[in-house]
Each structure stands twice: as C-alpha cells, then as structure tokens.
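Scroll down for the structure; my scribbles are underneath it.
We're numbering straight along the sequence, starting at 1. Whatever order the structure lists ligands and atoms in, that order sets their numbers, starting from 1.
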Amino acid sequence: MTKAQFQVFSSPEFVAQAVASHIAEVVRARPQTVLGLATGKTFVSIYEALVRVSAETGLSFAEASSFNLDEYVGLPVGHSASFRRYMEEHFFRHVDLPADRALLPEAGDDAEAACSAYEAAIAARGGVDVQLLGIGRNGHIGFNEPGSAFDGRTQVARLTPSTIAANTSDFPPGEVPPPEAITMGIGTILDAHAIVLVATGAAKAEALARAFLAPMDVDCPASALQQHAHVTVFCDEAAFAGMGPKA
Ligand code: F6R
C-alpha cells in the first residue's frame, strides 16, 4: 500500500500554483536546497508559476543547486528541443540560480563517464532534497522506461516508440527525438529525500492508478515510488480519476 500523499486540484493551473508554492516554501526554509528538476509539457506552467512567485516575493535561488533528471544524447548544443534549452527558456534565465549549479546530464564524448560524474556531483551536494517528477503514459519516470531496474543509477537509456511519439511534437517539423537519453536511474530518484510527482490530464489517469494502486512492478517504473516514505502527488481531477473506487 502506498504511503504517498495526494493533493488533488480542479485544474492544471491550480496544480501549477500549488507545486510552485510548495517549492518556494522549501527553498525559503532552506536556501541551499538541492532541487531535482524535470522537463516536459506538464512542467511548463509549473516553472511559469515558480518564476512568478520568485519575482513577486523576492524568492532567491542564489544558494540553491539543481540537477535535472535527463537529457537527450547527441543533440547539438542549443538544439531547440534539448532539455537544457527548455530549462533556460522556462526557468534558469528568469531566476538567480547560479549557472554552474544548474546541471543537466551531458553525454559529451564519454557518456558512461558522464553518468558516473553526474552521480558524484549529486552526492557531493549531499543528495537531492526534493525531486520533481512527471509521469509518462506508460508509467515512465525520467527516461526510465518499463522494465528498468528499480535500483538503477544514472545511465544511458533507450526511449520506447511511445515516448518518442509523445515527444516528437517538441521537435521541429520533420525531426524526431534521438533514440537515447541520459537519465537518472530509479535508484538515483529514490535516494531523494522527498519526491513531488505531478500528473495532469486524463491521459495520465491510467499510469497514475497503475503506479499507486497496483502492486509494484518493473513494467510500471513509477510504481517504485511506493517504496519511498515521502512522496507527494500533485494532480488534477482528470489524472486522479483512475484512483477512485472503480480503479
Ligand atoms: C522529463 C521527464 C519525463 C516526463 C514525462 C511526462 O524530464 O523526465 O519523464 O516527465 O515524459 O512528460 P509530459 O509532461 O510532457 O507529459
């Protein structure tokens, strides 16, 4: 049985405000917070809300650090669909988080070495305090697709056709996502002191129910979160629909 706490809101806008307020509170209470960050469509409105809270209240990220969950392998620097570019556009350029402490996994010439270095950098900061997560329709977290080991560390992962299809709209016409990405492993994610999972829209209802109502199963990577003691799920009613009595 999951220990996760659910906060359910009537719309994605209210979810975004609630997640932004929560993160703002965490950073206010501990300015040196180590944030684990996610990208994806769900998080666009969340960063927008967090940037707004920061501007309106003078919230500073100057002492914070961040580690993103994942990044494609092989995209040219500055590619419009890279997660680095996404983060710059939606968050980094709007806040005072120092650039040298706003990290994403970068494959470089030696992806394996980059994965170990990323783990070491997280450990050197004392671990992630709050990890933000979205969820894929197939239950993936980060780019940990179904079948990924629950104790996996940062690694190069192959994307499934369904994830490639879901992310193709982020790419310019005629381009498709690369087949590989570096992602924090599920074990890396579970090491975070607290986890905030965000799900909005009916398309996520089935994945959310599988993650938290069904027994843990590597076929649903997000179900690994049932083992974690501090998971809060922020979702809208549409995504929560499968969690009801009929699920
Ligand atoms: C992004 C990530 C992915 C997304 C997931 C949901 O950094 O790790 O797991 O969170 O694919 O994406 P959206 O929000 O686009 O539905």
Mind listing the side-chain donor-acceptor pairs of residues 149-157 below 3.5 Å, one per line with the distance, residues two or more places apart or on another chain?
{"from": "R153", "atom 1": "NE", "to": "E119", "atom 2": "OE1", "distance (Å)": "3.3"}
{"from": "R153", "atom 1": "NH1", "to": "D191", "atom 2": "OD2", "distance (Å)": "3.1"}
{"from": "R153", "atom 1": "NH2", "to": "E119", "atom 2": "OE1", "distance (Å)": "3.0"}
{"from": "R153", "atom 1": "NH2", "to": "D191", "atom 2": "OD2", "distance (Å)": "2.8"}
{"from": "T154", "atom 1": "OG1", "to": "E119", "atom 2": "OE2", "distance (Å)": "2.8"}
{"from": "Q155", "atom 1": "NE2", "to": "R153", "atom 2": "O", "distance (Å)": "2.7"}

On the 0 to 90° scale, with breaks at 30° and 60°, tag the F143-H140 ring pair as parallel, tilted or perpendicular. tilted
Going by the angle between their ring planes, with limits at 30° and 60°, are F61 and F91 parallel, tilted or perpendicular? perpendicular
Side-chain donor/acceptor of Y47 to backbone N/O of E89, under 3.5 Å: no
Salt bridge (Lys or Arg N to Asp or Glu O under 4.0 Å) involving D170 - partner list, sequence neighbours excluded: K41
For residues 10-21, pull every pair meeting salt bridge (Lys or Arg N to Asp or Glu O under 4.0 Å), keeping only residues two or more places apart or in separate chains. none
Ligand 1: which protein N/O atoms lie under 3.5 Å from its N/O atoms?
{"from": "ligand 1", "atom 1": "7 (O)", "to": "T39", "atom 2": "N", "distance (Å)": "2.9"}
{"from": "ligand 1", "atom 1": "7 (O)", "to": "T39", "atom 2": "OG1", "distance (Å)": "2.8"}
{"from": "ligand 1", "atom 1": "7 (O)", "to": "D70", "atom 2": "OD1", "distance (Å)": "2.7"}
{"from": "ligand 1", "atom 1": "7 (O)", "to": "D70", "atom 2": "OD2", "distance (Å)": "3.4"}
{"from": "ligand 1", "atom 1": "8 (O)", "to": "D70", "atom 2": "OD2", "distance (Å)": "2.6"}
{"from": "ligand 1", "atom 1": "9 (O)", "to": "G142", "atom 2": "N", "distance (Å)": "3.3"}
{"from": "ligand 1", "atom 1": "9 (O)", "to": "G142", "atom 2": "O", "distance (Å)": "2.7"}
{"from": "ligand 1", "atom 1": "11 (O)", "to": "H140", "atom 2": "NE2", "distance (Å)": "2.7"}
{"from": "ligand 1", "atom 1": "14 (O)", "to": "K41", "atom 2": "N", "distance (Å)": "3.3"}
{"from": "ligand 1", "atom 1": "14 (O)", "to": "T42", "atom 2": "N", "distance (Å)": "2.9"}
{"from": "ligand 1", "atom 1": "14 (O)", "to": "T42", "atom 2": "OG1", "distance (Å)": "2.4"}
{"from": "ligand 1", "atom 1": "15 (O)", "to": "K41", "atom 2": "N", "distance (Å)": "2.8"}
{"from": "ligand 1", "atom 1": "16 (O)", "to": "K204", "atom 2": "NZ", "distance (Å)": "2.7"}

